[in-house]
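Here the structure comes first, spelled out in structure tokens, and everything after it is commentary.
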Number of protein chains: 2
Amino acid sequence: MLKIDPTLIKDLKAFVGLDIDELELVLSDAHSSLFVKGEAFFREGEKATRFFVLLDGFLQVIRTTENGEQVIMRHFAPGDVFGIAPALRRDTYPATALAVADCVALHWPNRFWDIFEKKVPRLVQNAHGAVGERLNASQDRIVEMATEQVERRVARAVVRLVQQTGKKTAKGIRIDMPISRQDIAEMSGTTLHTVSRIFSSWSNLGLVAVGRQKIEVLSAHKLVIIAEGH
Amino acid sequence: MLKIDPTLIKDLKAFVGLDIDELELVLSDAHSSLFVKGEAFFREGEKATRFFVLLDGFLQVIRTTENGEQVIMRHFAPGDVFGIAPALRRDTYPATALAVADCVALHWPNRFWDIFEKKVPRLVQNAHGAVGERLNASQDRIVEMATEQVERRVARAVVRLVQQTGKKTAKGIRIDMPISRQDIAEMSGTTLHTVSRIFSSWSNLGLVAVGRQKIEVLSAHKLVIIAEGH
DNA sequence: CGAGAAATTGAAAAGATTCAACTCTCGTGG
DNA sequence: CCACGAGAGTTGAATCTTTTCAATTTCTCG
């Protein structure tokens, strides 16, 4: 069904530990699709029909409140599994997944979950590990929201973005993705105004260079100090 | 190893869908222990050696920040599985579990996880379902912390407690557990002072009757309106 | 080049925390 | 059995952080 070479994907986080035969089996049932920037992989509450592995691009998972506010729950990068409702015995997607850049993703109908569970158990175990990390990250974030003030939360959001998409530049590390003040606000539970003020002050301190939808970290070290507090 | 009657536990959430043989198999390998109020089942970062099902009592899961602040992540009631590190391919416990009342819990060494996965798959599936609910609840809470103000968060914390331990009384519903203002503050990311002020105002409105470590909800309906906003 | 989105910034207001003093409640031990 | 002390709770006042409102400015793309 697909003409992807197993060796191209064998190092992706989702497929770590699979042997060639397993990779081929998995690929033989996979569909591959392009999702253009802005397109939704699935939306909150929608019936879950398939699960995904991101091959290329970048996506964000968001939730929307009744009064229309958005919260960015997290980002996914190539190699991540997502939309794995069957791993959690859910039949709807709990959030909306949006392509932030053009994306290529593999996906399978949900019925393959149980098949892979038997035939490629490592794949399913990897997914459970990913769930564990996400649960842990969620709880970290709850603690952060409950105890830290805004500047630190914003710093952490930026540090996370740097870790996920940072590209080395002459002067520092640039976030390789158009990110607005509003996006950062939705990642850290504040307003774009407050983010703007914080960025201005960091910029004055020579910590970052910011522009329209772009952020370059000049002193990752100092930013981490703000984020972690020591 | 244990003389618990399968019929006593067959309706617990953790064991839903197991047949008698499976229940007996599971029980035959189980240990049962009493944890007195205040005792820890396990602590954050500790090597995970066993997983649990709560039979009786009530426990809270907490995280502590570097500067000693506590955040109550969630509560567990009889029938809940917890400490299921193997389900998430973790080898340490991610948080601390404390008995809030005297508790009785079943527990198994972690090696039984893989055994049960084969022999009692439904048990493991139930656990994954529980993980899914928890991940979902965590994300709800993140949204809540990011977008709602304190009074609403406190209202939600109280509503959750009522759902988990509410006991009908003459005038309303009482939370059947000693809960301090500080506890509510740690559940909702605020200070005991703010909780105290909010409770005073609710009390003046006739919404709740509060006392030392006790909360009785007189108008659940109005409280839900504060919590949910409509 | 013009239009619209993104960002900045000041000023005012709101919301919550911090500090501090004080009160209440309950269990314990004299 | 009562007094006392510690833990739990309350409340005012000051302060601080963040948001809200509003007015501009800057960028970038078509």
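In what follows, chains carry the letters A, B, and so on, assigned in the order in which the sequence lines appear, proteins first and then strands, with residues in each chain numbered from 1. Quick caveat, the model's predicted, so the values are computed rather than measured.
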Quiz item: Between the base of C:dT9 and the side chain of A:H193, is there any donor-acceptor pair under 3.5 Å?
Solution: yes
Quiz item: Hey, does A:S180 reach any base, or is it just sugar-phosphate, or nothing, if we go heavy atoms under 4.0 Å?
Solution: sugar-phosphate
Practice problem: For B:L192 and D:dG9, give me the distance from atom CG to atom P, rounded to whole Å. | Solution: 8 Å
Quiz item: Separation of B:Q149 atom CD from C:dA13 atom P, in whole Å?
Solution: 18 Å
Quiz item: Of all the nucleotides listed (C:dT17, D:dT28, D:dA22), which has the minimum atom distance to the side chain of A:R212?
Solution: D:dT28
Exercise. Report yes or no: is there a donor-acceptor pair, N or O only, under 3.5 Å between the side chain of B:R197 and the base of D:dG9?
Key: no
Quiz item: Would you call A:F199 and A:V158 a side-chain contact if the rule is heavy atoms closer than 4.5 Å?
Solution: yes
Exercise. Indicate, with yes or no, if the rings of B:H75 and B:F58 have centres closer together than 6.0 Å.
Key: yes
Quiz prompt | Of A:K214 and A:T194, the one whose closest DNA chain D nucleotide lies more 5' | solution = A:T194
Self-check item: First encountered from the 5' end of DNA chain D, between B:G211 and A:E151
Solution: B:G211
Exercise. When you get a sec, tell me which of D:dT18, C:dG15, C:dT8 is the closest nucleotide to the side chain of A:V150?
Key: D:dT18
Quiz item: Could you state the CD-P distance from A:Q182 to D:dT20, rounded to the nearest angstrom?
Solution: 12 Å
Quiz prompt | Spacing of A:E148 atom CD relative to D:dC16 atom C1', expressed in whole Å | solution = 17 Å
Exercise. Look at the aromatic rings of A:F52 and A:F42 and report parallel, tilted or perpendicular, splitting at 30° and 60°.
Key: tilted
Quiz item: So which heavy atom on B:E44 is nearest to which on B:T64, and how close?
Solution: OE1-N, 3.6 Å
